[in-house]
There are 2 protein chains.
Amino acid sequence: MAATQTQAPTGTAQRILDVAERLVQERGYNGFSYANVAGELGITKASLHYHFAGKAELGEALIDRYSARFGEALESIDATITVAGAKLEAYASLYADVLRGDRMCLCGMLASEYQTLPQPMRNSVIRFLDANTLWLTAVLARGRSEGTLSFDGSPTDAAQTVLGALQGAMLVARPYADPARFQAAAAYTLASLNGTPRPS
Amino acid sequence: MAATQTQAPTGTAQRILDVAERLVQERGYNGFSYANVAGELGITKASLHYHFAGKAELGEALIDRYSARFGEALESIDATITVAGAKLEAYASLYADVLRGDRMCLCGMLASEYQTLPQPMRNSVIRFLDANTLWLTAVLARGRSEGTLSFDGSPTDAAQTVLGALQGAMLVARPYADPARFQAAAAYTLASLNGTPRPS
DNA sequence: GTCTATAGGCAGATAGAC
DNA sequence: GTCTATCTGCCTATAGAC
């Protein structure tokens, strides 16, 4: 806990992660290079290798930090919102915030490149998707048992559907640079979970 | 119409497109190279440049052929299926077929890489998405006016939601190499459009 | 239409000075 | 921690022979 860092508010490693994260979200893991990151930070490629052994290690650190931050956001939702439907809206707005910066979800982007990723990065992507699915599953199950949400089938299937629908809504909204397109799809998806059970 | 081609059932250009298409669907536009394609076909990179001036032109040809084939599939659905709900199921099964080959939709993959694509490819991706949205919009509007489908809001919003949900379902199913994951999400999405109007 | 040969550039990565 | 210098390899692309 010693404050050996007096000059910089954030260390170099953090700034590297910040720039690389944005580049991956915008261009993909196969669409950015060490030269891009170094150029933006005004340092050399060699310096990057001091902080992250290689591109694969940087990529792994990227996902782990992103997952941790996302996990905190989910905990924050759980701590401040009790109604299931409102939790889902807060969840969707996390995605909307990402899209507003013309970015794709980091792990949605990496999911598209999954087959080209080094194994450690694959594992981290799966962990992110699993964590999100689990959180959504819990919210959906709770909401249905409380009678505020309504859907057929298992909560897990519904959770996977919601996760996919939000990721896909970002995917197709980005070429149009139109956040409203995401908003409409997100609202539509969540609306299908509201209300009383459908008549059979 | 002269049959100057006697040996090969399909020309070299077609086989280049076949291989490149699969590679882009599996690995993305930034994840494949001329060397990959040439290697699989047993020809040289230089030969590729005879058929396609550059990677950008190959990419454009890829999308245009894919869009044409997809358009034919949609026409086939229109010609053989009359019920809106069944049309949507047939549409979803087009995606399921793609996913079964461990592939992403070509244009879903390219949508993720949109910001790195040359302009002509961007235009072609947009055309694909627009064509799909238009087709879905017509099916959804017809289904609702006939009373076989039920949804709130504009048919266009619903169409964009369905398109995103299916693309996203492929996106998140692929890391798990689990087509059932897509099937569940697709079924769930389409089911939300069925039945009688929800009670308010 | 396919080849060999090669250009010119950028990729990720390393050694070693400061 | 950051630098210069350099390596090796792959990338897209072209010229020109066959």
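It should be emphasised that the depicted structure is a prediction, and the values quoted were computed from it without experimental measurement. Proteins come first, then strands; the chains are lettered A, B, ... in the order of their sequence lines, and each starts at number 1. When reading the values below, keep in mind they use all heavy atoms of this one structure, side chains included, and skip hydrogens, waters and symmetry mates.
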So, does [X] get its side chain near the phosphate of [N], meaning an N or O under 4.0 Å from OP1 or OP2?
{"X": "A:T12", "N": "D:dT2", "value": "yes"}
{"X": "B:H49", "N": "C:dG1", "value": "no"}
{"X": "B:S47", "N": "C:dC3", "value": "yes"}

Rounded to whole angstrom units, what separation is found between the [atom1] atom of [X] and the [atom2] atom of [N]?
{"X": "A:H51", "N": "D:dG1", "atom1": "NE2", "atom2": "C1'", "value": "6 Å"}
{"X": "A:N30", "N": "C:dC10", "atom1": "CG", "atom2": "P", "value": "18 Å"}
{"X": "B:R15", "N": "C:dT2", "atom1": "CZ", "atom2": "P", "value": "8 Å"}
{"X": "A:K45", "N": "D:dC7", "atom1": "NZ", "atom2": "P", "value": "14 Å"}
{"X": "B:K55", "N": "D:dC10", "atom1": "NZ", "atom2": "C1'", "value": "12 Å"}
{"X": "B:L48", "N": "C:dT4", "atom1": "CG", "atom2": "P", "value": "13 Å"}

Could you tell me if B:Q14 and B:D18 have a donor-acceptor pair between their side chains, going purely by distance under 3.5 Å?
no

Using the side-chain heavy atoms of [X], tell me which of these nucleotides is nearest: [options].
{"X": "B:S33", "options": "D:dC11, C:dA13, D:dC3", "result": "D:dC11"}
{"X": "A:I43", "options": "D:dC3, C:dA11, D:dT12", "result": "D:dC3"}
{"X": "B:Y34", "options": "C:dG12, D:dT12, D:dC11", "result": "D:dT12"}

Just to be sure I understand the rule, does [X] reach a base, reach only the sugar-phosphate, or reach nothing, if contact means heavy atoms closer than 4.0 Å?
{"X": "B:F52", "result": "nothing"}
{"X": "B:T44", "result": "base"}
{"X": "A:Y50", "result": "base"}

Would you mind checking if A:D130 and A:R127 are paired as a salt bridge, meaning a charged N to carboxylate O distance below 4.0 Å?
no

Are A:R22 and A:D102 within salt-bridge range, i.e. N to O under 4.0 Å?
no

Relative to the 5' end of DNA chain C, which residue comes earlier, A:G54 or B:A46, by the nucleotide with the nearest heavy atom?
B:A46

Test your reading of the model: is there a side-chain donor-acceptor pair from B:S76 to the backbone of B:E72, 3.5 Å cut-off?
no

As an exercise, state the distance from OG1 of A:T10 to CD1 of A:I16, rounded to the nearest 0.5 Å.
11.0 Å

